[in-house]
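A short write-up of the structure that comes next.
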Protein chains: 2
Amino acid sequence: MALEDYERPSVTTDLVVFSVREGKLNALLIKRGVVPFKGGWALPGGFVNIDESIDEAAKRELQEETGVKDIFLEQLYTWGEVDRDPRGRVITVSYFALVKDNEVELKASTDAAEVKWFDVNKLPKLAFDHDKILKYAIQRLRWKFEYTTMAISLLPKKFSISQLKNLYEVVFEREFDKRNFYKKILSLDILDEKGMQENVAFRPAKLYSLKKGAESRVVAMV
Amino acid sequence: MALEDYERPSVTTDLVVFSVREGKLNALLIKRGVVPFKGGWALPGGFVNIDESIDEAAKRELQEETGVKDIFLEQLYTWGEVDRDPRGRVITVSYFALVKDNEVELKASTDAAEVKWFDVNKLPKLAFDHDKILKYAIQRLRWKFEYTTMAISLLPKKFSISQLKNLYEVVFEREFDKRNFYKKILSLDILDEKGMQENVAFRPAKLYSLKKGAESRVVAMV
DNA sequence: ACAAAAGTGTTGAGAGTACACCCATGC
DNA sequence: GCATGGGTGTACTCTCAACACTTTTGT
């Protein structure tokens with residue numbers, strides 16, 4: 001059979017954009033400016049254009065909503081229940097992204113009456129099956145933190161071990177032993193020393209950056 | 001914007017169906033009976049109907065190609081490059097499946113001139129981006145074997161530890177120490193004893209079955 | 001000198017790895 | 001009794017977890 005013989009579904013991407021703000025894990029949501037679920041909160045996202053790859057569509061959406069590019073973005077899962085969208089048959093490919101709070105510029109648009117960060121522990125009711133997608137994304141985020149060096153992409157180029165430790169404590173919602181954390185991270189041989197903090201009101205910390213080539217290494221981080 | 005304002009891509013599923021045959025890990029391929037790549041080998045798969053979920057489409061394809069149902073089937077990844085299919089814009093959601101060799105009945109169809117098992121180390125050139133998909137599936141398969149009890153779904157209801165060990169050796173292409181393997185598996189507390197082998201020409205093995213509730217447990221298996 | 005955060009070592013428990021011999025059965 | 005695969009224990013190493021004090025800096 002030829003392509004034309006099949007009725008085609010619409011395909012969208014939905015993004016779970018995470019950031020750490022004021023010591024909490026936050027996710028980006030938009031207030032829908034259009035039906036269905038007009039006025040309800042939902043994940044940012046939109047249709048995949050016919051001449052762009054799904055990854056490109058996700059990247060474009062991320063930039064439209066946050067102004068951010070060149071940041072960690074990874075496909076999560078594809079949701080294809082027949083009735084997940086009241087407008088008709090819509091398949092969505094979900095992605096998750098990590099952005100640095102201070103590099104983000106939120107902008108409303110026609111689709112999004114409002115764009116806002118929410119503490120993942122204080123989420124509103126979400127449109128479509130977006131609560132399921134968000135739960136899935138949090139699991140994946142934790143997994144990524146546990147087994148990859150991805151967390152470091154959320155920190156400045158030079159960072160201290162304690163900044164990294166804070167990040168892990170926010171994502172896993174528990175404390176890590178300082179000595180064990182230092183020992184573990186330093187034993188992985190993934191960091192280069194990059195001098196010291198300056199102008200701090202207490203003992204300056206050593207700064208590190210991720211070693212070249214360690215970006216995609218799979219290591220047990222914690 | 002409304003759904004109608006977007007030109008829609010076609011959506012297919014592609015299946016990587018694994019089985020263990022004669023001590024080797026095999027994948028199921030079809031010889032394409034239609035253009036493009038007519039006469040070339042490809043993964044089984046097909047279009048997602050407008051009134052079925054993607055999971056249902058994958059399940060249906062699996063049954064059409066192998067006659068198998070109720071077996072391990074899991075979504076892998078969604079491939080959405082613009083030019084991945086010469087017929088036009090086709091997005092494919094890949095799945096991987098595990099089937100028991102002896103429960104499979106291969107059938108050719110209009111789309112598939114021939115259906116055949118291939119040793120994953122002796123694969124022919126594949127159509128589309130199917131070699132990438134297959135590589136991805138093998139990675140995932142190994143990960144699943146390492147961290148879940150999924151391997152057991154490939155064995156008969158009652159099985160011996162050495163059958164399980166053989167399976168792991170095939171998938172990881174290396175040997176496991178017999179004593180350590182027995183010790184590790186039995187220490188996980190995921191098996192129930194189910195009597196002994198009968199009518200074997202040597203010392204009969206103890207048989208086990210997977211404990212109720214252990215199907216989805218995440219454990220380090222090896 | 002004090003406030004604030006940085007940095008550092010040891011010990012015990014449990015898990016992984018390496019390694020070789022006896023056992024039960026059918027023929 | 002022999003061929004075939006089943007089943008078992010010990011010692012070493014390494015990793016993980018628990019635990020508290022000293023150091024450096026700015027004010």
Side-chain angles (χ1 to χ4, degrees), chain A residues 20 22-23 142-143 145-149 152 155-156 158-170 172-209 217-222, chain B residues 20 22-23 142-143 145-149 152 155-156 158-170 172-209 217-222:
Chain A
V20 171
E22 295 161 12
R142 295 219 170 107
W143 190 90
F145 266 58
E146 209 163 339
Y147 295 110
T148 79
T149 57
I152 293 172
L155 296 175
K158 299 181 186 182
F159 57 91
S160 66
I161 305 284
S162 71
Q163 280 178 292
L164 186 60
K165 175 169 168 280
N166 278 334
L167 192 49
Y168 272 86
E169 291 179 336
V170 167
F172 288 96
E173 297 181 321
R174 73 177 184 89
E175 298 200 341
F176 291 89
D177 179 83
K178 207 209 299 193
R179 278 163 296 186
N180 291 340
F181 191 87
Y182 273 62
K183 213 187 320 171
K184 184 67 202 286
I185 297 300
L186 292 174
S187 75
L188 294 175
D189 189 35
I190 54 172
L191 299 183
D192 284 326
E193 291 201 26
K194 290 286 176 179
M196 308 284 277
Q197 281 180 341
E198 281 169 37
N199 303 317
V200 283
F202 37 79
R203 177 171 176 177
K206 279 188 195 169
L207 296 176
Y208 297 87
S209 67
R217 286 242 326 260
V218 176
V219 286
M221 291 285 286
V222 288
Chain B
V20 171
E22 294 160 15
R142 294 216 171 109
W143 190 90
F145 266 57
E146 208 164 337
Y147 295 110
T148 78
T149 58
I152 293 173
L155 296 175
K158 298 180 185 184
F159 57 90
S160 67
I161 304 282
S162 71
Q163 281 177 291
L164 186 61
K165 174 167 167 283
N166 278 334
L167 193 49
Y168 272 86
E169 290 178 336
V170 168
F172 287 96
E173 296 179 321
R174 72 178 184 88
E175 298 201 339
F176 290 90
D177 179 83
K178 207 209 298 194
R179 279 163 295 186
N180 293 339
F181 191 86
Y182 274 61
K183 211 187 321 171
K184 183 66 203 283
I185 298 299
L186 292 174
S187 75
L188 295 176
D189 190 34
I190 53 171
L191 299 182
D192 284 327
E193 292 201 25
K194 291 284 175 180
M196 306 285 277
Q197 281 179 342
E198 281 169 38
N199 304 317
V200 284
F202 37 80
R203 176 172 176 178
K206 279 187 195 167
L207 296 176
Y208 298 87
S209 66
R217 285 245 324 260
V218 176
V219 287
M221 292 287 287
V222 288

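Per chain, numbering begins at 1; letters A, B, ... match sequence-line order.
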Atom [atom1] of [X] and atom [atom2] of [Y]: how far apart are they, to the nearest 0.5 Å?
X	Y	atom1	atom2	value
B:Leu207	B:Ile161	CG	CD1	10.0 Å
B:Phe159	B:Ile152	CZ	CD1	4.0 Å
B:Tyr208	B:Ile185	OH	CD1	11.0 Å
A:Tyr182	A:Leu164	OH	CG	10.0 Å

[X] [atom1] - [N] [atom2] separation (whole Å):
X	N	atom1	atom2	value
B:Arg174	C:dA18	CZ	P	9 Å
A:Glu198	D:dT24	CD	C1'	15 Å
A:Lys165	C:dT8	NZ	P	15 Å
A:Ile185	C:dT8	CD1	C1'	16 Å
B:Leu207	D:dG6	CG	P	11 Å
A:Asn166	C:dA6	CG	C1'	13 Å
A:Phe181	C:dG7	CZ	P	13 Å

For the pair B:Trp143 and A:Trp143, name the ring-plane relationship: parallel under 30°, tilted 30 to 60°, perpendicular over 60°.
->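 Taking A:Trp143 first and then B:Trp143, their aromatic rings stand perpendicular (interplane angle over 60°).
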Report yes or no: is the cationic atom of A:Arg174 (NZ for Lys, CZ for Arg) closer than 6.0 Å to the six-membered ring centre of A:Phe176, at no more than 45° off its axis?
->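 Because its charged atom sits under 6.0 Å from the ring centre and within 45° of the axis, A:Arg174 does stack over A:Phe176.
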Would you say A:Lys158 has more than 12 foreign heavy atoms packed within less than 6.0 Å of its NZ?
->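 Counting other residues, nucleotides and ligands, NZ of A:Lys158 stays at 12 neighbours or fewer.
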CA sep, side-chain torsions, deciding dist, call: B:Lys184, B:Val219, side chain to side chain contact (heavy atoms under 4.5 Å, CB included) = CA-CA 11 Å; B:Lys184 183 66 203 283; B:Val219 287; over 6 Å; no
Which atom pairs, one a donor and one an acceptor, fall under 3.5 Å between side chains of residues 191-198 of chain A and the rest of the protein, sequence neighbours left out?
unit_1: A:Gln197; atom_1: OE1; unit_2: A:Ala205; atom_2: N; d: 3.2

Name the nucleic acid region contacted by A:Ser162, choosing base, sugar-phosphate or nothing; use a 4.0 angstrom heavy-atom cut-off, strictly under.
->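 Sugar-phosphate, backbone atoms only, no base.
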For nucleotides 24-27 of chain C, list the nitrogen or oxygen atoms of the protein found under 3.5 Å from its nitrogen or oxygen atoms, one pair per line.
unit_1: C:dA24; atom_1: N3; unit_2: B:Arg203; atom_2: N; d: 3.3

Measure the angle between the two terminal helix axes of the helix from C:dA1-D:dT27 to C:dC27-D:dG1, five base pairs each, and quote it to 10°.
->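 Computed from the C1' atoms at both ends, the axes differ by 10°.
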For A:Phe202, check ring-ring contact (aromatic ring centres under 6.0 Å, His included) against everything at least two apart and list the hits.
->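 Not a single residue meets the ring-ring contact (aromatic ring centres under 6.0 Å, His included) criterion with A:Phe202.
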Only counting residues at least two apart or in another chain, list the ones meeting side chain to side chain donor-acceptor pair (under 3.5 Å) with A:Lys183.
->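 For A:Lys183 the side chain to side chain donor-acceptor pair (under 3.5 Å) partners, ignoring immediate neighbours, are A:Asn180.
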Contact list (N/O, under 3.5 angstrom) for nucleotides 8-15 of chain D vs protein:
unit_1: D:dT10; atom_1: O4; unit_2: B:Lys183; atom_2: NZ; d: 3.0

